[in-house]
Engineer: 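First, the structure itself, so that you have it in front of you.
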Amino acid sequence: MLKFTQRKEYKVKITVEFVGAINTGSYEKKQDFEIEEKTTVENFLKTLEHFHESHIPYIQVLCNGKRCAHTKKLKSGDYLELMLMVGGG
């Protein structure tokens, strides 16, 4: 008889830096986070409770120094820089 076990969810560690005028909430300007593996940028941003969900599309994210989509799956060691897109004239 085969025995099946549930797949264990692993935690990965990422570092996040809040750059410029973006609200850091209760977090430090630069802070480490542990998240579930395969978490997307968007899902991570939703865990930061001080951001209103309607504002998340306006947050620009750099991952390891390169612009990335909110659909990117994060992996251990990723370095995110979060900033607001600013316009004016």
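Since the structure is predicted, the reported quantities are computational estimates derived from the model, not experimental observations.
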Engineer: So do Phe33 and Leu80 actually touch side chain to side chain, heavy atoms under 4.5 Å?
Structural biologist: no
Engineer: Mind checking whether His50 and Tyr27 have parallel, tilted or perpendicular rings, split at 30° and 60°?
Structural biologist: tilted
Engineer: Taking all non-hydrogen atoms of both residues, which atom of Leu82 and which atom of Ile22 are closest, and how far apart?
Structural biologist: O-CG2, 3.6 Å
Engineer: According to a hydrophobic-cluster definition based on side-chain heavy atoms being under 4.5 Å apart (Ile, Leu, Val, Met, Phe, Trp, Tyr only), do Val16 and Leu62 belong together?
Structural biologist: no
Engineer: Any chance you could measure Thr40, atom OG1, to Lys46, atom NZ, to the nearest 0.5 Å?
Structural biologist: 7.5 Å
Engineer: Hey, is NZ on Lys29 packed in by over 12 heavy atoms from elsewhere, all under 6.0 Å?
Structural biologist: yes
Engineer: Mind checking the OH-CG spacing from Tyr79 to Leu74? Nearest 0.5 Å is all I need.
Structural biologist: 14.5 Å
Engineer: When rounded to the nearest 0.5 angstrom, what distance separates CD1 in Ile59 from CE in Met83?
Structural biologist: 11.0 Å
Engineer: Nearest 0.5 Å, please: how far is NE2 in His55 from CG in Asn23?
Structural biologist: 11.0 Å
Engineer: For the residue pair Leu48 and Phe18, establish whether any side-chain heavy-atom pair is separated by less than 4.5 Å.
Structural biologist: yes
Engineer: Supply the atom-to-atom distance Gln31 CD to Ile14 CD1, rounded to the nearest 0.5 angstrom.
Structural biologist: 10.5 Å
Engineer: Are Phe44 and Leu84 connected in the hydrophobic side-chain network, where two residues link if heavy atoms are under 4.5 Å apart?
Structural biologist: yes
Engineer: Is the shortest heavy-atom distance from the side chain of Val12 to the side chain of Ile35 under 4.5 Å?
Structural biologist: yes
Engineer: How long is the span from the NZ atom in Lys30 to the CD atom in Glu81, to the nearest 0.5 Å?
Structural biologist: 9.0 Å
Engineer: So, are Lys11 and Glu36 salt-bridged, with charged N and O less than 4.0 Å apart?
Structural biologist: yes
Engineer: Find out whether Val41 and Cys68 are in side-chain contact, i.e. whether some heavy atom of one side chain is under 4.5 Å from a heavy atom of the other.
Structural biologist: yes
